[in-house]
Amino acid sequence: MRSVKKSLNWVKLAGIALATVVSCGAHADPVKLRFASFAPDTEQTFKTVFKPFAEAVNKDSGGTVQIELFPNGALGRNPVQQPQMVLDGIADIAWIVPSFSPGRFPETEVFELPGLFRDLQEATLVFTRLMASKKINPFEQFVPLGTFTTDPYSIHSRTPIRTLADLKGRKIRVSGSIEGETLRALGAVPIGMATTEVVEAIARGTIDGTTTHPSPLFDFGFVRVVNSHYFVKLGVLPIVMLMNKSKFDSLPKPAQDAIIKHSGMWTANLFNANITAYNAELVKRLADDPKRTLVTPSAADLASAQIAFNSVIKTWTEKSPRNKQLLELVQGELAAVRAGK
């Protein structure tokens with residue numbers, strides 16, 4: 001009898017232990033995800049898009065995931081290495097500029113073609129819609145959490161640029177190969193260079209200026225070394241938030257649901273609202289500074305620029321049938337966006 005009671009006690013203790021394990025499992029620590037950004041934590045996209053995204057996911061995941069932000073290049077400062085950092089597990093999520101990694105994301109090149117978009121809002125909507133419809137899929141090893149573009153790039157120099165003719169022979173930093181071809185067609189000498197190297201290169205006179213959109217002028221300090229701003233609208237630059245697909249697939253469903261809920265159009269709308277307002281503020285600051293020269297190209301220069309743009313577009317589309325198809329997809333979606341559809 002005593003043996004039976006002893007056995008029952010062991011069964012009871014085992015049951016309590018099992019219940020404790022199950023209870024602890026229900027309150028397991030969240031999966032921690034590392035979000036890398038090579039930009040400073042004062043950069044506007046970090047403050048108004050990446051940080052709110054992380055906070056929203058952390059709040060809505062039911063304690064299953066915790067996104068930790070690593071700005072200032074804490075996990076790796078080289079913008080070119082960000083995609084590989086995600087694939088290698090150094091980071092789980094990263095801010096990636098596709099054009100900094102030539103050949104890795106070829107289908108995003110279409111957005112860099114000059115003269116297609118009026119502003120970042122319509123370009124970001126087109127990019128996000130085409131990704132959602134899966135008509136383009138440049139990120140097979142990743143889960144895209146945010147797909148954005150900059151405003152059309154313009155040219156900013158340490159010496160005056162008032163006309164297209166002033167670009168002839170100028171060494172201008174570019175972000176990618178399409179932009180390089182565009183500058184070459186306009187008479188400049190394109191120099192490939194990462195964002196983080198631009199200020200020193202201009203200060204030393206290695207280059208004369210850079211292409212960029214408004215926010216890096218201030219966020220990365222370009223404004224300290226340039227004072228001439230030539231607002232010819234070049235192509236836009238795609239920028240993306242990408243997550244390692246294998247890591248995403250390993251997450252519990254509540255974590256996946258929270259991430260998807262705050263991805264795609266959610267991040268696109270946040271980006272469009274905040275960065276559009278920020279860029280407008282920055283352009284006004286430039287215009288209010290009497291030490292700066294801001295130039296909008298004349299009608300004649302715009303016509304000449306468009307001839308150069310058309311030649312770049314023609315050369316790119318003739319490289320492959322897929323390039324031609326990508327341009328048609330972008331133009332079709334852009335027409336829908338402009339029609340309010």
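FYI, the numbering just counts along the sequence from 1.
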Flag yes if V236 and V174 sit in one hydrophobic cluster, no otherwise; membership is Ile, Leu, Val, Met, Phe, Trp, Tyr, and two members link when side-chain heavy atoms are under 4.5 Å apart.
no
Just by modelled atom types, is the A277 backbone N or O under 3.5 Å from a matching donor or acceptor in the N274 side chain?
no
Test H156 against every option in F220, F222, F231 by the ring-ring contact (aromatic ring centres under 6.0 Å, His included) rule and name the one that passes.
F231
Would you say that F38 contacts V97 through its side chain, given a criterion of any heavy-atom pair below 4.5 Å between the two side chains?
yes
Between T317 (side chain) and K314 (backbone), is there a donor-acceptor pair under 3.5 Å?
yes
Close side-chain approach of N58 and E68, heavy atoms under 4.5 Å:
no
Derivation and outcome, side chain to side chain contact (heavy atoms under 4.5 Å, CB included), residues V86 and K247
CA-CA 10 Å; V86 174; K247 186 68 175 182; over 6 Å; no
Got a sec, which pairs hit side chain to side chain donor-acceptor pair (under 3.5 Å) with one end in residues 131-147, sequence neighbours left out?
T128-T147
Can you check whether G235's main-chain N or O pairs, donor with acceptor, with E179's side chain at less than 3.5 Å?
no
Hey, are the side chains of S177 and E109 touching, using non-hydrogen atoms and a 4.5 Å cut-off?
yes
Could you check if a side-chain atom of L116 sits within less than 4.5 angstrom of a side-chain atom of F309, using non-hydrogen atoms only?
no
So how far is it from L145 CG to W95 CH2, rounded to the nearest 0.5 Å?
15.0 Å
Under 4.5 Å side-chain heavy-atom separation, chaining through any Ile, Leu, Val, Met, Phe, Trp or Tyr, what else clusters with L75? Say none if it is isolated.
F70, M85, I90
One thing to verify: whether R173 and E197 come together as a salt bridge, which I'm taking to mean a side-chain N less than 4.0 angstrom from a carboxylate O.
no
Could you walk me through whether Q121 and L125 pass the side chain to side chain contact (heavy atoms under 4.5 Å, CB included) test, one step at a time?
CA-CA 6 Å; Q121 293 197 46; L125 286 177; 5.5 Å; no
Within one Ile-Leu-Val-Met-Phe-Trp-Tyr cluster: I191 and V226, side-chain cutoff 4.5 Å
yes
Does F117 share a hydrophobic cluster with L186, counting links as ILVMFWY side-chain heavy atoms below 4.5 Å and allowing steps through other members?
no
Considering residues, nucleotides and ligands other than R77, do more than 12 of their heavy atoms fall under 6.0 Å from its CZ?
no
Hey, is the main chain of L164 close enough, under 3.5 Å, to the side chain of D301 for a donor-acceptor pair?
yes
Quick check against the 3.5 Å criterion: does D92 have a side-chain atom that pairs as donor or acceptor with the backbone of R34?
yes
Same cluster for L120 and L130 if Ile/Leu/Val/Met/Phe/Trp/Tyr side chains link at under 4.5 Å?
no
Rounded to the nearest 0.5 Å, how far apart are OG of S228 and CG of L294?
8.5 Å
Identify whether the distance between the nearest side-chain nitrogen and carboxylate oxygen of K59 and E55 falls below 4.0 Å.
no
If you group Ile, Leu, Val, Met, Phe, Trp and Tyr by side-chain heavy-atom gaps below 4.5 Å, do I178 and L237 land in one group?
no
Would you say the side chain of L251 lies within less than 4.5 Å of the side chain of L33, judging by non-hydrogen atoms?
yes
If I compare all heavy atoms of P290 with all of D288, which pair ends up nearest, and what's the gap?
CD-O, 3.3 Å
Taking NZ, NE, NH1 and NH2 as the nitrogens, is one of them in K284 or E281 under 4.0 Å from a carboxylate oxygen of the other?
no
Answer with yes or no whether the side chains of S215 and Q44 bring together a donor and an acceptor at under 3.5 Å.
no
Would the distance check show the side chain of Q82 and the main-chain N or O of N78 forming a donor-acceptor pair, the cut-off being under 3.5 Å?
yes
In this structure, which one of F148, F50, F127 forms a ring-ring contact (aromatic ring centres under 6.0 Å, His included) with F271?
F148
Test item: S61 side-chain N/O and A258 main-chain N/O as donor-acceptor pair under 3.5 Å:
no
Ionic contact status for D257 with K253, cut-off 4.0 Å:
yes
